[in-house]
J.: 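Sharing a structure, written as structure tokens. Questions coming.
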Amino acid sequence: MPTAIAVTSADLALPPQDERTMPAVVLDGLDGHPLDHALTELHALVERHGHVVVVCSAATPEPVVRRLYTLRSLLESDRIALFRPDLPPLGVAVLARQLRQLASCDLSPGVLASAGRLLAHYIHAGAVLGSVARLDRVPVGLKAHAKSWMPGTRFAVLAHPEPQFVKAVPGATLKGPEFPTWLLLAKGQLPGDWAAGLGAQWQAQGVRETPLPAESRTWWGTGRLIEFCGHLDDLSVLYQLVTSVRQSTCHWCGLDVIGDRCVFCSAVPPAHEPATPRALEPRTPA
């Protein structure tokens, strides 16, 4: 069985991108189940798939995160990876789907898990906000905070890969990706015209919509938002990016990995080189 890619809520399990995209395992309400029930469920998942990568956001409730670490500790398993990328919730959902796409390929569990850190660099994630008064994850000046109290004022914020901040007015733009992407929109309580216009500004191959993740309101500090994410969606490109990076063997658990850290055991190789992809070459995922 392929490595399982799990998420902590159903709204982080985006619809399959293609027929090869593996279904997400949803660990919903993990902190609300009895400990022995959750332990049995996760143990069965590991036994069925061999390895499990759990992807969650920085806005995932702390009781859920603590329960995950407790379960991993009780199982004494180095076959469970907990991956919490520095992305807004919609970006986390996109990254989890990319890993689900790659799970159908001939990638070892260690390479697949560590691919998340590499692919995150190619995700452009942000939001249009009706208020930045409670935004503490992206640098915001005092003047912008004051303007948040003015009715009708909106701000466009790019949180990743590099923070950007502009007033969402006609003609304003955010620096986008320099490679072909798709734009995914998750609408909250604001009209989506300005965010949809990013598709043309970023020369996106298309624009799709999805429901807003519940954790987005916590991450961005407001429910008056439209979250957006520019991302790669072609499996062959994702596969090429991952396989273009030199692999090494984790000296602690023995898994093949890319990058400077094993996601399963958190060990850092004694000597490593940064995971930088080479020029793209035509390759077909196995």
Side-chain angles (χ1 to χ4, degrees), residues 1-7 10-26 48-57 81 83 85 87-125 160-161 176-186 199 202-211 213 228-247 255-259 263-264 275-286:
M1 288 287 290
T3 299
I5 307 300
V7 292
D11 53 15
L12 295 180
L14 296 177
Q17 191 62 46
D18 50 50
E19 66 278 359
R20 294 189 59 170
T21 304
M22 302 301 297
V25 176
V26 179
R48 185 162 63 251
H49 290 270
H51 292 79
V52 177
V53 181
V54 184
V55 186
C56 57
S57 82
F83 184 39
L87 289 167
L90 185 62
V92 170
V94 165
L95 183 58
R97 182 169 61 183
Q98 290 177 334
L99 294 179
R100 289 161 50 202
Q101 290 178 266
L102 290 168
S104 66
C105 302
D106 61 339
L107 300 176
S108 67
V111 171
L112 177 63
S114 51
R117 301 181 66 197
L118 172 67
L119 296 178
H121 292 289
Y122 297 90
I123 290 178
H124 286 63
H160 190 276
E178 298 178 352
F179 45 87
T181 60
W182 279 79
L183 184 67
L184 184 65
L185 299 181
W202 289 1
Q203 298 183 344
Q205 295 173 295
V207 179
R208 300 187 178 105
E209 294 188 12
T210 191
F228 56 82
C229 182
H231 64 284
L232 300 166
D233 75 339
D234 188 277
L235 176 57
S236 63
V237 175
L238 297 172
Y239 181 81
Q240 182 179 342
L241 284 171
V242 174
T243 55
S244 70
V245 178
R246 183 181 64 84
Q247 298 182 16
L255 289 175
D256 291 333
V257 298
I258 58 175
V263 181
F264 282 97
T276 53
R278 298 190 297 270
L280 297 181
E281 301 173 358
R283 296 189 68 174
T284 301

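The shown structure was predicted, so the numbers you read here are calculated from the model rather than taken from an experiment.
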J.: Among all residues two or more places apart in sequence or in another chain, which pass the side chain to side chain contact (heavy atoms under 4.5 Å, CB included) test with Q203?
T.: none

J.: Do T3 and L99 touch side chain to side chain, with heavy atoms closer than 4.5 Å?
T.: no

J.: Residues in side chain to side chain donor-acceptor pair (under 3.5 Å) with S57, at least two apart?
T.: E215

J.: By side chain to side chain donor-acceptor pair (under 3.5 Å), which residues pair with T210, not counting sequence neighbours?
T.: none

J.: Please identify each residue that fulfils salt bridge (Lys or Arg N to Asp or Glu O under 4.0 Å) with R48, with sequence neighbours left out.
T.: none

J.: Tell me, please, which residues at least two apart from Q101 pass side chain to side chain donor-acceptor pair (under 3.5 Å).
T.: D18

J.: Over all heavy atoms of both residues, which pair between A115 and V242 is shortest? Give the atoms and the distance, please.
T.: CB-CG2, 3.7 Å

J.: Any side-chain heavy atom of V257 sitting closer than 4.5 Å to one from V263?
T.: no

J.: With rounding to the nearest 0.5 angstrom, report the CG to CZ distance, L102 to R20.
T.: 9.5 Å

J.: If the condition is side chain to side chain contact (heavy atoms under 4.5 Å, CB included), which residues does D234 pass it with, not counting sequence neighbours?
T.: S236, V237

J.: Taking side chain to side chain contact (heavy atoms under 4.5 Å, CB included) as the test, write out the residues that go with V25, two or more places apart.
T.: A4, A6, L27, L45

J.: Specify the closest pair of heavy atoms between P213 and L12, including all atoms of both residues, with the distance to one decimal.
T.: CB-CD2, 4.2 Å

J.: When rounded to the nearest 0.5 angstrom, what is the spacing between NE2 in H49 and CD1 in I5?
T.: 10.0 Å

J.: May I ask you to decide if the ring planes of W202 and F228 are parallel, tilted or perpendicular, using 30° and 60° as cut-offs?
T.: perpendicular

J.: Just wondering, do C229 and H124 contact through their side chains at under 4.5 Å, heavy atoms?
T.: no

J.: Nearest heavy-atom pair of L183 and G230: which atoms, and what distance?
T.: CD1-N, 4.0 Å

J.: Enumerate the salt bridge (Lys or Arg N to Asp or Glu O under 4.0 Å) contacts for residues 177-186, please, sequence neighbours excluded, ordered by first and then second residue.
T.: none

J.: So, for P85 and V92, which heavy atoms are closest and what is the spacing to 0.1 Å?
T.: CG-CG2, 4.0 Å

J.: Only counting residues at least two apart or in another chain, list the ones meeting side chain to side chain contact (heavy atoms under 4.5 Å, CB included) with P180.
T.: Q205

J.: Taking only residues two or more places apart in sequence or in another chain, which ones pass ring-ring contact (aromatic ring centres under 6.0 Å, His included) with H51?
T.: F264

J.: So which atom in A96 and which in V7 form the shortest heavy-atom distance, rounded to 0.1 Å?
T.: CB-CG1, 3.8 Å

J.: State, with a plain yes or no, whether a side-chain heavy atom of L238 is found less than 4.5 Å away from one of L119.
T.: yes

J.: With sequence neighbours excluded, tell me which residues meet side chain to side chain donor-acceptor pair (under 3.5 Å) with R97.
T.: Q17

J.: Donor-acceptor pair, R208 side chain versus L184 backbone, under 3.5 Å?
T.: no

J.: Output the distance between atom CG (L90) and atom CG (L185), rounded to the nearest 0.5 Å.
T.: 8.5 Å

J.: Quick check against the 3.5 Å criterion: does T21 have a side-chain atom that pairs as donor or acceptor with the backbone of R100?
T.: no

J.: Could you walk me through whether D233 and V94 pass the side-chain contact (heavy atoms from CB on, under 4.5 Å) check?
T.: CA-CA 9 Å; D233 75 339; V94 165; over 6 Å; no

J.: Going through the checks in order, is the side-chain contact (heavy atoms from CB on, under 4.5 Å) test met by L241 and L232?
T.: CA-CA 11 Å; L241 284 171; L232 300 166; 3.5 Å; yes

J.: If every non-hydrogen atom of L235 is compared with every non-hydrogen atom of S104, which pair is closest and at what distance?
T.: CD2-OG, 4.3 Å

J.: Indicate yes or no for a side-chain donor-acceptor contact from H231 to the backbone of Y122 under 3.5 Å, with no hydrogens or angles considered.
T.: no

J.: How many angstroms lie between OG1 in T181 and CD1 in I123, if you round to the nearest 0.5 Å?
T.: 11.0 Å

J.: Starting at CG of L112, measure out to CG of D256 and round the result to the nearest 0.5 Å.
T.: 12.5 Å

J.: Using salt bridge (Lys or Arg N to Asp or Glu O under 4.0 Å) as the criterion, list what pairs up with D11, not counting sequence neighbours.
T.: none

